[in-house]
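Notes follow once the structure below has been shown.
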There are 2 protein chains.
Amino acid sequence: MSKNAGVYLDIADAIRRDIVSQELAPHTRLPSEPELAVKYRAARATVRRALAKLQDEGLIYSRQAVGSFVAEPRVEQDLDHLTSFTEFMVYRGMKPGSRLIETGTQEVTDPESPILHYLGLRAGAKVLHIRRLRLGGREPLVIASTWLPEARFPDFWQHDLASKSVYEIMGESGHKPTDAIQTIESVTLNEVDAKLLALSTGAPALRICRVAYASGLPVEYAIDLYRGDRTKFRVRLGVLEKRLSAQIHSEQIAI
Amino acid sequence: MSKNAGVYLDIADAIRRDIVSQELAPHTRLPSEPELAVKYRAARATVRRALAKLQDEGLIYSRQAVGSFVAEPRVEQDLDHLTSFTEFMVYRGMKPGSRLIETGTQEVTDPESPILHYLGLRAGAKVLHIRRLRLGGREPLVIASTWLPEARFPDFWQHDLASKSVYEIMGESGHKPTDAIQTIESVTLNEVDAKLLALSTGAPALRICRVAYASGLPVEYAIDLYRGDRTKFRVRLGVLEKRLSAQIHSEQIAI
DNA sequence: AGCCTAATGCTGTCTAGACAAGTATCTCCT
DNA sequence: AGGAGATACTTGTCTAGACAGCATTAGGCT
């Protein structure tokens with residue numbers, strides 16, 4: 001358990017275990033920070049950091065000068081930094097599937113192309129393109145198109161797309177995404193896409209446009225088309241600033 | 001400028017000003033944390049906290065043992081904890097408008113009602129209901145329905161909905177939301193809603209279901225229907241854990 | 001009894017210092 | 001000249017202690 005990844009993570013795990021195993025009722029008060037510091041033989045700042053993590057997860061909340069309390073159960077509080085489709089389907093207990101529609105290396109010549117713009121490339125740059133139909137079980141769920149800058153992934157095609165996720169391959173090249181910006185909008189399907197998703201033309205769908213960054217550099221531009229009848233997105237958002245860091249919002253995909 | 005809201009916020013503001021006013025190029029290295037500590041006469045921990053905030057905003061990124069760097073410009077990095085429709089429209093420079101469709105106090109008798117479930121109430125509880133058509137400029141943008149538990153806002157109707165936002169009124173009762181969970185899905189409009197939004201039946205729309213919390217207690221259940229041709233949602237998501245708190249994802253509404 | 005005030009304890013913020021782990025650079029040796 | 005190792009610097013983590021602001025509680029006064 002206690003890896004060297006940080007004491008505060010161990011303390012957070014311990015407190016989380018206490019909360020779920022003892023099944024503490026919502027709004028039960030936790031021991032005070034000084035008490036927790038004694039219990040875990042750590043400085044109060046370290047305890048606070050652990051509590052901040054739990055608060056970000058939505059497991060506890062705090063009231064100034066009163067204490068920290070167990071929060072009311074919400075939806076799947078523990079999924080936090082899930083991003084990959086594969087990871088998510090595994091978590092959901094569904095078998096992730098994939099059908100390649102198109103792959104290859106393209107040279108983007110149109111200087112107005114959003115691919116160039118979002119990846120920060122100049123006209124004429126080469127990009128890797130993957131277009132897949134993603135399945136959950138046997139049902140088609142998403143049409144996923146992603147573009148990666150070729151310069152950063154020169155030996156991308158050496159890897160096996162069937163056995164590894166795109167994010168895994170990106171990680172092996174030292175450019176695993178650390179954060180991303182997505183825009184979500186509602187569209188109706190055209191004839192081609194509807195056919196792929198086994199729906200009728202005009203059915204509602206979610207169009208998600210994502211730019212993912214590693215060390216401040218854009219490394220992925222993606223457009224996903226989720227079928228609207230099987231997909232919801234869940235977003236957690238904060239309003240106030242609390243505890244340690246400024247702001248905290250979890251997020252992830254839901255079926 | 002320098003309110004007593006926290007030194008680290010002042011330092012964050014100062015560094016942010018330096019970055020935007022001097023128009024530092026992306027990937028320019030900032031002074032090291034000890035240097036910044038000397039410059040702002042603060043402890044390194046305080047400087048780190050300011051840097052963490054800027055990192056959460058997407059303005060800078062850091063590489064271990066190397067330094068902190070100016071990030072590439074992204075989309076509207078500074079809007080973080082915007083939530084209220086009114087605030088957002090003001091920010092956008094559009095005049096927020098409102099047309100009341102329905103208001104009143106309801107007694108919810110159906111024990112299966114999602115309103116009861118999400119607000120943590122028992123059958124028979126009373127809720128305040130507001131249903132409005134929200135306008136940006138002169139165009140209808142959203143059909144917004146919200147339910148609040150009456151027990152926590154007994155004198156809600158004394159306030160003037162025309163001059164204050166719902167969140168302002170909630171704040172005056174001591175229950176300003178601090179965080180929320182939203183689900184976003186794609187739907188097509190039925191005849192009634194399409195007419196309100198001045199669209200044709202079957203047009204795409206985003207349906208957002210939100211539960212907002214104050215001090216760990218649910219205080220708002222809302223369903224918003226955004227017209228799909230004028231609305232995108234932007235979400236920022238993090239994968240790794242960095243710097244101070246666990247993880248950080250900003251989020252907000254975009255037109 | 002009821003009200004006001006002071007004491008207490010808690011979270012929130014900040015300081016000053018230390019060590020660990022990683023990167024970049026410089027120096028020395030071959 | 002080129003490579004390898006030592007070194008200095010940077011971020012990341014942690015400690016111990018201090019003070020401020022706030023909420024609750026207990027005590028004392030009317």
Whole-Å gap separating [atom2] ([N]) and [atom1] ([X]):
X	N	atom1	atom2	value
R49(B)	dC14(C)	CZ	C1'	10 Å
F69(B)	dA24(C)	CZ	P	9 Å
L9(A)	dG12(D)	CG	P	14 Å
Q64(A)	dT11(C)	CD	C1'	5 Å
L51(A)	dC10(C)	CG	P	14 Å
R48(A)	dT15(D)	CZ	P	15 Å
Y61(B)	dT10(D)	OH	P	17 Å
L30(B)	dT11(D)	CG	P	9 Å

Per side-chain contact (heavy atoms from CB on, under 4.5 Å), V108(B) is matched among L121(B), L116(B), L119(B) by L116(B)
Sugar-phosphate, base or nothing in reach of R63(A), heavy atoms under 4.0 Å: sugar-phosphate
Output the single nucleotide from [options] whose closest atom is nearest the side chain of [X].
X	options	value
A42(B)	dC14(D), dC22(D), dT15(C)	dT15(C)
A65(B)	dT10(D), dA23(D), dT15(D)	dT10(D)
E35(B)	dC14(D), dT13(C), dT10(D)	dT10(D)
E33(A)	dT15(C), dT11(C), dC22(D)	dT11(C)

Quick one: does R44(B) reach the base of dT13(D) with a side-chain donor-acceptor pair under 3.5 Å? yes
Measure centre to centre between the rings of F156(B) and H175(B), then say whether the value is under 6.0 Å. no
Pick from Y167(B), Y118(B), Y213(B): which one makes a side-chain hydrogen bond (donor to acceptor under 3.5 Å, both in side chains) with E220(B)? Y167(B)
Compare side-chain N and O positions of T46(B) against OP1 and OP2 of dT15(C) and report whether any pair is under 4.0 Å apart. yes
Does S62(B) place a side-chain N or O at less than 4.0 Å from the phosphate oxygens OP1/OP2 of dT10(D)? no
Take Y61(B) and H27(B), measure what ring pair (Phe, Tyr, Trp, His ring centres under 6.0 Å) needs, and give me the verdict at the end. CA-CA 9 Å; Y61(B) 65 94; H27(B) 311 293; 5.7 Å; yes
Whether K39(A) and D18(A) form a salt bridge (side-chain N of Lys/Arg under 4.0 Å from carboxylate O of Asp/Glu) is what I want to check. yes
